[in-house]
Amino acid sequence: MFRTVVITLPRFIPDEARLISALLTGGRADVVHIRKPEAAISEVETLLLSIPQVFHCRLALHDHFSLAVKYHLSGVHTNSRNPLPPRGFLGSVSRSCHSLEEVSRLKRDYDFVSLSPVFDSISKAGYLSSFSVEQLRQAHEAGIIDEKVYALGGVTFSLLPEVRSIGFGGAMILGDAWPRDNISS
């Protein structure tokens with residue numbers, strides 16, 4: 001089953017809890033990843049408490065993993081800042097990857113991994129795709145890209161059919177999910 005994950009902007013934006021709820025209610029996102037790398041734990045907790053509890057099972061964190069345990073969130077997304085899930089966490093654990101070699105090496109250890117940048121980034125100026133569509137298709141044929149690999153980087157809602165056709169198991173959307181006046185590099 002192909003899944004769509006939306007990642008929050010790194011800074012807080014007006015009406016963010018309502019926008020997250022709308023993404024989940026409207027079917028545009030299966031899961032929302034809250035990524036606030038410079039935010040204090042209290043700020044992330046305030047955001048979580050502003051989102052209706054019914055959606056907590058569809059939220060994941062990139063930082064402050066203890067909140068994922070406290071609020072029974074669906075997952076945590078590990079990275080170089082936070083390489084390990086919290087002790088006793090039973091939800092989904094995912095990981096960022098930036099090369100096909102990393103994907104090959106790490107995907108068996110996680111519920112899914114993201115591969116980026118698949119397309120030119122919308123939210124990060126100068127962050128260009130590292131792969132051609134043909135390379136990605138070949139990686140799928142070789143069994144590297146499969147249902148456990150999600151495309152990230154420049155993915156838009158309109159590109160979801162192409163991402164699915166390449167063989168990814170899901171897509172992670174950042175820039176295209178938020179009001180344009182909130183996007184900056």
Partners passing side-chain hydrogen bond (donor to acceptor under 3.5 Å, both in side chains) against R108 (at least two apart in sequence or in another chain):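 With neighbours one apart ignored, the set is empty.
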
Set of residues satisfying side-chain hydrogen bond (donor to acceptor under 3.5 Å, both in side chains) with respect to R18, sequence neighbours excluded: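 Residues passing side-chain hydrogen bond (donor to acceptor under 3.5 Å, both in side chains) with R18: D15.
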
Flag if over 12 foreign heavy atoms under 6.0 Å of CD, E38: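 Counting neighbours around CD of E38, 12 or fewer heavy atoms of other residues, nucleotides or ligands fall under 6.0 Å, so no.
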
Other residues, nucleotides, ligands: >12 heavy atoms within 6.0 Å of R87 CZ: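 No, not enclosed.
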
Can a salt bridge be assigned to the pair [X] and [Y] using a cut-off of 4.0 Å between side-chain N and carboxylate O?
X    : Y    : result
D30  : R58  : no
R137 : E141 : no
R95  : D109 : no
E147 : K107 : no

Under 3.5 Å donor-acceptor, W178 side chain and L19 backbone: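 Not at all, since once roles are kept as given, no pair shorter than 3.5 Å links the two residues.
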
Common cluster, I34/V54, ILVMFWY with side-chain heavy-atom separation under 4.5 Å: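 The answer is yes; both residues are in one hydrophobic cluster.
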
CA sep, side-chain torsions, deciding dist, call: H72, H56, ring-ring contact (aromatic ring centres under 6.0 Å, His included): CA-CA 7 Å; H72 308 287; H56 286 191; 9.2 Å; no

Lys NZ or Arg CZ of R3 over Y150 ring: under 6.0 Å, within 45°: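 R3 over Y150 ring: no.
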
